[in-house]
Protein chains: 2
Amino acid sequence: MRGIRQLAKHLDISIGTVSRALNGKPDVNEETRKRVLAAAEELGYVANQSGRSLRQGTTNVIGLMIESSKETVENSDNFFLGLTGGLQSVLARHKLDLVMLPCPSDEDPHEYVKRMVARRVVDAMILSATQRIDKRIDFLAKAKIPFIALGRSSSGGNYTWIDLDFEGVAACAVDRLVAKGHRRIAIAAPSNDVNLGYIFVEAYRRSLERHGIPYDPALVIRVKSSEQGGYQAGHELVRLEPRPTAIILIYELMAIGLYRRMVEAGVVPGKDLAVIGFREEPRARFLQPTLTCFRMSLRDLGVELAETLLATMPAYAEFYPKGARSTIWPLELVAGESDAFSLDA
Amino acid sequence: MRGIRQLAKHLDISIGTVSRALNGKPDVNEETRKRVLAAAEELGYVANQSGRSLRQGTTNVIGLMIESSKETVENSDNFFLGLTGGLQSVLARHKLDLVMLPCPSDEDPHEYVKRMVARRVVDAMILSATQRIDKRIDFLAKAKIPFIALGRSSSGGNYTWIDLDFEGVAACAVDRLVAKGHRRIAIAAPSNDVNLGYIFVEAYRRSLERHGIPYDPALVIRVKSSEQGGYQAGHELVRLEPRPTAIILIYELMAIGLYRRMVEAGVVPGKDLAVIGFREEPRARFLQPTLTCFRMSLRDLGVELAETLLATMPAYAEFYPKGARSTIWPLELVAGESDAFSLDA
DNA sequence: GTGGCACACCAAAACGTTTCCGGAAAGAAC
DNA sequence: GTTCTTTCCGGAAACGTTTTGGTGTGCCAC
């Protein structure tokens with residue numbers, strides 16, 4: 001006989017009362033509650049999660065799903081780890097724990113989600129690497145499992161997402177470059193299958209057209225989001241005739257590979273070519289010339305994700321009255337040297 | 001009435017038999033087993049993990065603990081994500097799932113481990129970022145929770161660890177540099193509190209002495225394992241009189257910051273200063289001059305970790321007859337340009 | 001003095017699974 | 001024909017918790 005039963009016997013009290021006392025339920029004398037809490041502390045009692053999960057049908061664990069394809073593994077940096085701080089600070093308020101769920105690269109993410117949910121590993125999920133058509137979203141919505149998607153999807157259905165302000169970033173980058181006299185502005189982005197690729201390029205297109213610059217598909221370079229991708233983008237760039245005078249990178253680390261290729265080609269970034277990266281990343285901080293890019297707080301994003309997710313969960317919604325609204329997460333420009341020159345000068 | 005009971009009723013069979021059939025237990029007719037499996041598939045039945053956990057006292061989940069300090073978050077690269085592939089490929093054989101457990105930076109890792117274990121989130125743990133004196137190890141050993149430590153600790157007790165071959169790496173680096181004529185060889189490493197710092201510098205010292213070069217504490221530069229740390233190391237380096245002709249970095253990304261500082265100081269890496277990094281990292285691949293460093297397969301390391309961990313667990317030990325031996329994980333030299341010159345020339 | 005009410009607690013049921021124990025049926029050995 | 005295995009299955013207990021319904025006590029109002 002262990003667990004709550006032992007604790008109850010030690011206090012000469014029924015287990016029901018002990019349970020209520022520990023969980024802050026009413027119908028228990030404050031005096032008694034204090035005794036229970038003290039005894040639990042003293043005996044080092046911690047409720048067995050399996051027991052409560054079984055009874056309550058809830059695990060008190062939230063999952064952050066990570067798609068671990070080779071590309072993600074090599075290049076997602078510490079994006080997810082950066083998120084955890086903010087996520088946990090919110091979840092801890094409700095005694096919820098966070099686990100990261102890395103989907104094996106040889107398993108269908110859809111199956112993985114199903115398995116995790118069916119096995120009751122988590123109560124709710126945070127989805128990342130959203131696809132344009134994402135079966136996970138349909139599944140979770142139908143199964144009525146609370147979730148939030150980091151990144152929009154074109155999947156129908158009524159769900160909540162938070163996405164980075166790619167439109168704003170693309171518009172800001174284009175505006176900036178046009179103001180400096182650039183007309184031929186290339187962009188390096190992943191394929192349209194990744195929703196991000198689609199959205200980003202569309203925003204770039206609209207921004208150009210707003211300035212009366214015709215959209216030229218030849219200037220859209222589709223590459224992987226990695227240094228290698230950056231190198232390859234540079235490779236494509238120097239073959240374009242006439243060579244673009246500016247390039248927007250969807251992933252800041254691309255700049256490392258791009259710079260490398262530019263040096264090889266005798267093109268000087270920040271002088272012959274303007275470069276604007278996307279997310280500020282500590283790793284790119286030492287680039288020379290320094291990269292103009294966009295900053296955001298991963299911690300704050302984590303907080304927003306957690307709060308919005310909780311708002312979708314009936315048990316916690318009352319604490320988050322602003323509700324579960326899909327939002328677009330803004331980024332802040334960090335001006336560097338890589339686009340500091342004017343073309344007319 | 002859901003779950004196994006429904007399945008049993010559907011088959012007109014007792015739930016005990018259904019359970020045995022699903023779990024591959026004996027005492028069930030092959031014919032019956034087939035029917036059960038087919039029905040389970042058809043009805044989409046998946047056992048409720050809470051129920052089995054409660055009954056079996058086991059969760060079938062293995063945790064990979066990640067200390068999420070600011071430093072780790074910014075600089076761990078994709079080390080952990082890289083590990084997961086190998087880990088999962090082994091764990092999947094036993095229907096075990098892997099979750100990553102990020103310890104909040106404001107929580108004591110020791111308390112975090114206690115909580116995760118007490119709440120029965122995981123059956124066993126993989127510890128990383130081992131400290132020289134690590135309370136987690138003592139706790140898990142005493143509580144008889146299976147675990148394996150990635151990184152040695154000086155904590156006593158009988159536990160299993162896997163650690164990278166820092167001695168081999170340090171010896172190889174020193175040998176290489178000495179062969180090129182270097183005598184004043186600096187090293188950049190974290191403080192001795194991190195076990196890695198201690199071990200690495202000790203190995204460096206022994207290697208030097210083997211070559212009859214006296215150990216000079218002034219050449220040991222204690223910095224953070226980050227680009228910033230590398231920059232700072234470069235800063236210290238140029239102030240040393242006479243300036244060392246070579247430096248060994250414990251963390252390859254330090255090279256980025258180091259190079260930057262060298263350029264500022266007018267010192268040319270690969271010509272005026274030999275540089276050897278530690279782990280090969282995709283990110284550092286585009287450095288100019290290319291960095292001499294050491295390569296390992298994160299996937300293979302993950303496999304080794306998982307197999308060794310399982311060998312410590314009674315329920316799985318039979319499958320891993322080689323047992324739970326602590327091992328030192330070798331790395332392979334990748335020659336680059338950063339240390340290609342000879343000093344005598 | 002009776003009814004109503006709030007308070008604090010207890011006992012027992014329930015959550016879904018695995019596993020132990022016993023027993024029926026069928027065949028084998030004598 | 002009896003006894004002994006073997007094979008397969010059903011019944012029931014157990015895991016540790018939360019929650020529901022019920023109960024006794026004291027208090028107040030009528």
Side-chain angles (χ1 to χ4, degrees), chain A residues 1-37 39-40 43-61 94-97 115 117-121 123 315, chain B residues 1-37 39-40 43-61 94-97 115 117-121 123 315:
Chain A
M1 183 194 57
R2 254 168 329 179
I4 202 173
R5 224 172 296 264
Q6 186 179 28
L7 190 56
K9 172 166 276 188
H10 178 256
L11 287 161
D12 198 24
I13 253 182
S14 84
I15 60 171
T17 304
V18 172
S19 173
R20 284 196 309 276
L22 290 172
N23 293 335
K25 293 287 169 64
D27 261 26
V28 39
N29 188 307
E30 270 317 311
E31 177 62 30
T32 313
R33 191 190 301 278
K34 269 189 208 150
R35 280 180 55 221
V36 172
L37 257 32
L43 301 188
Y45 169 80
V46 181
N48 178 317
Q49 184 60 36
S50 306
R52 24 181 12 191
S53 292
L54 179 58
R55 173 63 226 231
Q56 303 194 121
T58 187
T59 67
N60 294 333
V61 175
H94 306 283
K95 294 183 183 293
L96 293 169
D97 276 310
R115 198 157 56 85
V117 167
R119 287 187 60 169
R120 307 272 191 318
V121 175
D123 287 343
Chain B
M1 184 194 58
R2 255 168 329 180
I4 203 173
R5 225 172 296 263
Q6 186 180 27
L7 190 58
K9 172 166 276 187
H10 178 256
L11 287 161
D12 199 24
I13 254 182
S14 83
I15 59 170
T17 304
V18 172
S19 173
R20 286 196 304 273
L22 290 173
N23 294 333
K25 292 287 168 67
D27 263 25
V28 41
N29 189 308
E30 272 315 312
E31 178 63 28
T32 313
R33 190 189 304 278
K34 269 189 207 147
R35 281 181 54 221
V36 172
L37 257 31
L43 300 188
Y45 168 80
V46 181
N48 178 317
Q49 184 60 37
S50 306
R52 35 184 1 196
S53 292
L54 179 58
R55 173 62 225 230
Q56 302 194 120
T58 186
T59 67
N60 295 332
V61 175
H94 305 284
K95 294 183 184 293
L96 293 169
D97 276 312
R115 197 156 56 84
V117 168
R119 287 187 61 169
R120 306 271 189 321
V121 174
D123 287 342

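Naming convention: chains lettered A, B, ... in sequence-line order (proteins, then strands); numbering from 1 in each chain. Note: hydrogens, waters and symmetry copies are ignored here, and every other heavy atom, side chains too, is used.
- The listed nucleotides are D:dC9, D:dT17, C:dT17; the one nearest the side chain of B:Y45 is C:dT17.
- Taking atom CZ on A:R52 and atom P on C:dT17, their separation rounds to 21 Å, with Å as the unit.
- The nucleotide whose nearest atom lies closest to any side-chain atom of A:N29 is, among C:dC9, D:dC9, D:dT18, C:dC9.
- For the OP1/OP2 pair of C:dC9 and a distance below 4.0 Å, the side-chain nitrogens and oxygens of A:T32 include at least one atom meeting the criterion.
- Taking CZ of A:R52 as the reference point, atom CG of A:N60 lies at 5.5 Å (rounded to 0.5 Å).
- Look at CD1 on B:I15: it is 9 Å from P on C:dT18, rounded to the nearest Å.
- No side-chain heavy atom of A:S53 sits less than 4.5 Å from a side-chain heavy atom of A:T58.
- Side-chain contact check for B:V36 versus B:R20: every heavy-atom pair is 4.5 Å or farther apart.
- Comparing atom distances between the A:Q56 side chain and each of C:dC10, D:dT19, C:dG16 picks out D:dT19 as nearest.
- In terms of position on DNA chain D, the residue among B:L54 and B:G16 whose nearest nucleotide sits closer to the 5' end is B:G16.
- Taking atom CZ of residue B:R20 and atom C1' of nucleotide D:dC9, one finds them 6 Å apart after rounding to whole Å.
- Going from atom CG of B:L22 over to atom P of C:dT17 covers 9 Å, rounded to whole Å.
- One N or O on the side chain of A:R33 and one on the backbone of A:A21 form a donor-acceptor pair closer than 3.5 Å.
- Look at CZ on B:R120: it is 9 Å from C1' on D:dG16, rounded to the nearest Å.
- With hydrogens and angles left out, the side chain of B:R55 and the base of C:dT17 share no donor-acceptor pair within 3.5 Å.
- Rounded to an integer number of Å, the gap from CG of A:D12 to C1' of C:dC10 is 12 Å.
- A salt bridge links B:R119 with A:D97: at least one charged nitrogen is closer than 4.0 Å to a carboxylate oxygen.
- Between A:K25 and D:dT19 there is a side-chain polar atom (N or O) within less than 4.0 angstrom of OP1 or OP2.
- In terms of phosphate contacts, A:N48 brings no side-chain nitrogen or oxygen within less than 4.0 Å of OP1 or OP2 of D:dC15.
- At whole-Å resolution of the value, CG in A:L11 and P in C:dA8 are 17 Å apart.
- Side chain of B:R5, nearest nucleotide from D:dT17, C:dG16, D:dG10: C:dG16.
- For B:I4, taking side-chain heavy atoms from C-beta onward, the closest of the listed nucleotides D:dT19, C:dT17, D:dG10 is C:dT17.
- At whole-Å resolution of the value, CZ in A:R119 and C1' in C:dG16 are 15 Å apart.
- In this model, no side-chain donor or acceptor of A:D27 finds a partner on the base of C:dC7 within 3.5 Å.
- Phosphate proximity of D:dC9 to B:T17: absent, as no side-chain N or O sits under 4.0 Å from OP1 or OP2.
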